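Owing to the predicted nature of the structure, the values given are computational and were not obtained by experimental measurement.
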Amino acid sequence: MSPTPEQRRAARHQLGTGTGAPAARRGPSGGRKKPITVEAIIGTAFGIVEAEGYDALTMRRVATALETGPSSLYAHVVNKEDLDELLIGRLCAEIELPEPDPARWRQQLIGVCTQLRDQYLRYPGISRAAIAAAPSNLETLRVGEGMLALLLAGDVEPQIAAWALDSLSLYVNAYSLEVALVNSRLGRGEGDWVVSRDELLRRFAALPDDTFPHTKRYAAELTAGTVDDRFDFTLRLMIDGLPGTRRDA
């Protein structure tokens, strides 16, 4: 089982530095550099992801940006997975959770998912850090608690609510990752792998009628809508399908 946030903080303290204690700089320039703190590590990591994408984020890359060695980071952050958890927790801290309203719980749930999506899209590919990770950061757990409260406010049966929470989180993560991958390909000039709607329509029109009759007939529907339209549609499809007894007013 992964260590809890309390256990991780205790482990850092045993190394001789609490989460807020700066690591001492060594060498002739040590006194002129900013101290290494958890906040400095998190801020630097976000800057790397924002500028270069999540794939560029490594402990060594963060250490280089802070003009130190990786060992200085490990006094504050256990490993890369721990850093990922801190980053996702910091994004979750920005999420505003509404007071559950049994008359509006579905719309409220969509609102929380949309906030989470927008946080992920600020930092290309960072939602990967939330995939296949058991939440233990208190801010991440706070968002899960709030979403679960909204589901239960709609009289969704607890087991179904628990699985719905997992499904919704996975969809938001996957959607955010796909958008990041598309934007990354466009940024690298790989436009052949990201085609426009007009190009898709042209390709569908060129398909043989006897093999792809439905794709050709409904090409307009298959390519309609923005990415936000599709995000909202999928969330509503998932949430409206839940067997809650309360409906939005």
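Electrostatic pairing of Arg142 and Glu145 does not count as a salt bridge here, judged by no charged N lying under 4.0 Å from a carboxylate O.
Between Ile160 and Pro243 the shortest side-chain heavy-atom distance falls below 4.5 Å. With a 4.5 Å cut-off on side-chain heavy atoms, Val77 and Met59 count as touching. For the pair Cys113 and Met147, the minimum side-chain heavy-atom distance is below 4.5 Å. Side-chain contact between Arg230 and Thr226 is absent, with no heavy atoms from C-beta onward closer than 4.5 Å. For the pair Leu66 and Leu73, the minimum side-chain heavy-atom distance is below 4.5 Å. Under the 4.5 Å side-chain criterion, counting only non-hydrogen atoms from C-beta, Ile48 is not in contact with Tyr54.
Formation of a donor-acceptor pair under 3.5 Å by the Lys80 side chain with backbone atoms of Thr58 is not found in this model. Looking only at distances, a side-chain donor or acceptor of Arg106 sits under 3.5 Å from a matching main-chain atom of Ile239. Gln115 places a side-chain N or O within donor-acceptor distance of the main-chain N or O of Glu96, the cut-off being under 3.5 Å. Asp229 contributes no side-chain N or O that, together with a main-chain N or O of Gly225, makes up a donor-acceptor pair within less than 3.5 Å.
Side chain to side chain, Glu85 and Ser136 meet the donor-acceptor criterion of an N or O pair below 3.5 Å. Donor-acceptor pairing under 3.5 Å is lacking for the side chains of Arg117 and Ser176. For Ser169 and Asp166, the side-chain atoms include no donor-acceptor pair closer than 3.5 Å.
Stacking of Arg90 on the aromatic ring of Phe46 is not recorded, the 6.0 Å distance cut-off and the 45° axial limit not both being met.
The two atoms that bring Ala164 and Leu242 nearest to each other are CB-CD2, 3.7 Å, heavy atoms only. Closest non-hydrogen pair, Asn137 versus Gly89, comes out as OD1-CA, 3.4 Å. Taking each heavy atom of Pro102 and Pro100 in turn, the nearest pair found is CD-O, 3.8 Å. Contact record, His76 with Ile36: NE2-O, 3.1 Å, taken as the closest heavy-atom pair. The minimum heavy-atom distance between Glu221 and Arg217, with the atom names listed, is OE1-O, 4.3 Å. Glu50 and Pro124 make their closest contact through CA-CD, 4.0 Å (heavy atoms, listed as atom of the first residue, atom of the second, distance).
Residues that satisfy the salt bridge (charged side-chain N to carboxylate O under 4.0 Å, His left out) test with Arg61, not counting sequence neighbours, are Glu52. For the side-chain hydrogen bond (donor to acceptor under 3.5 Å, both in side chains) test, no residue two or more places apart in sequence or in another chain qualifies with Asp198.
Evaluation of the side chain to side chain donor-acceptor pair (under 3.5 Å) test over residues 121-132, restricted to residues two or more places apart or in two chains, returns Asp55-Arg128, Gln119-Arg122.
Put simply, Val227 and Leu168 are part of the same group of oily side chains (I, L, V, M, F, W, Y) that touch within less than 4.5 Å, one to the next.
Rounded to the nearest 0.5 Å, atoms CG (Leu109) and CG (Leu150) are 5.5 Å apart. Distance CZ/Phe204 to CG/Leu222: 5.5 Å, rounded to 0.5 Å. Leu87 contributes atom CG, which lies 6.5 Å from atom CG of Leu57 (distance to the nearest 0.5 angstrom). Atom CD1 of Ile131 is separated from atom CG of Asp84 by 11.0 Å, given to the nearest 0.5 angstrom. Taking CD1 of Ile88 as the start and CG of Leu116 as the end, the distance is 8.0 Å to the nearest 0.5 Å. Note that CG of Leu148 and CG of Leu165 are 6.0 Å apart. Values are rounded to the nearest 0.5 Å.
Under the side-chain contact (heavy atoms from CB on, under 4.5 Å) test applied with Tyr175, the options Asn173, Val172, Val179, Leu177 reduce to a single match, Val179.
Between Phe231 and Tyr171, the distance from one ring center to the other falls under 6.0 angstrom.
Atom CZ of Arg197 has more than 12 neighbouring heavy atoms from other residues, nucleotides or ligands inside a 6.0 Å radius. Applying the 6.0 Å contact sphere to CD of Glu178 captures no more than 12 heavy atoms from other residues, nucleotides or ligands.
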Apply side chain to side chain contact (heavy atoms under 4.5 Å, CB included) to Val156 and Trp105, showing your working. CA-CA 11 Å; Val156 178; Trp105 68 275; 3.7 Å; yes

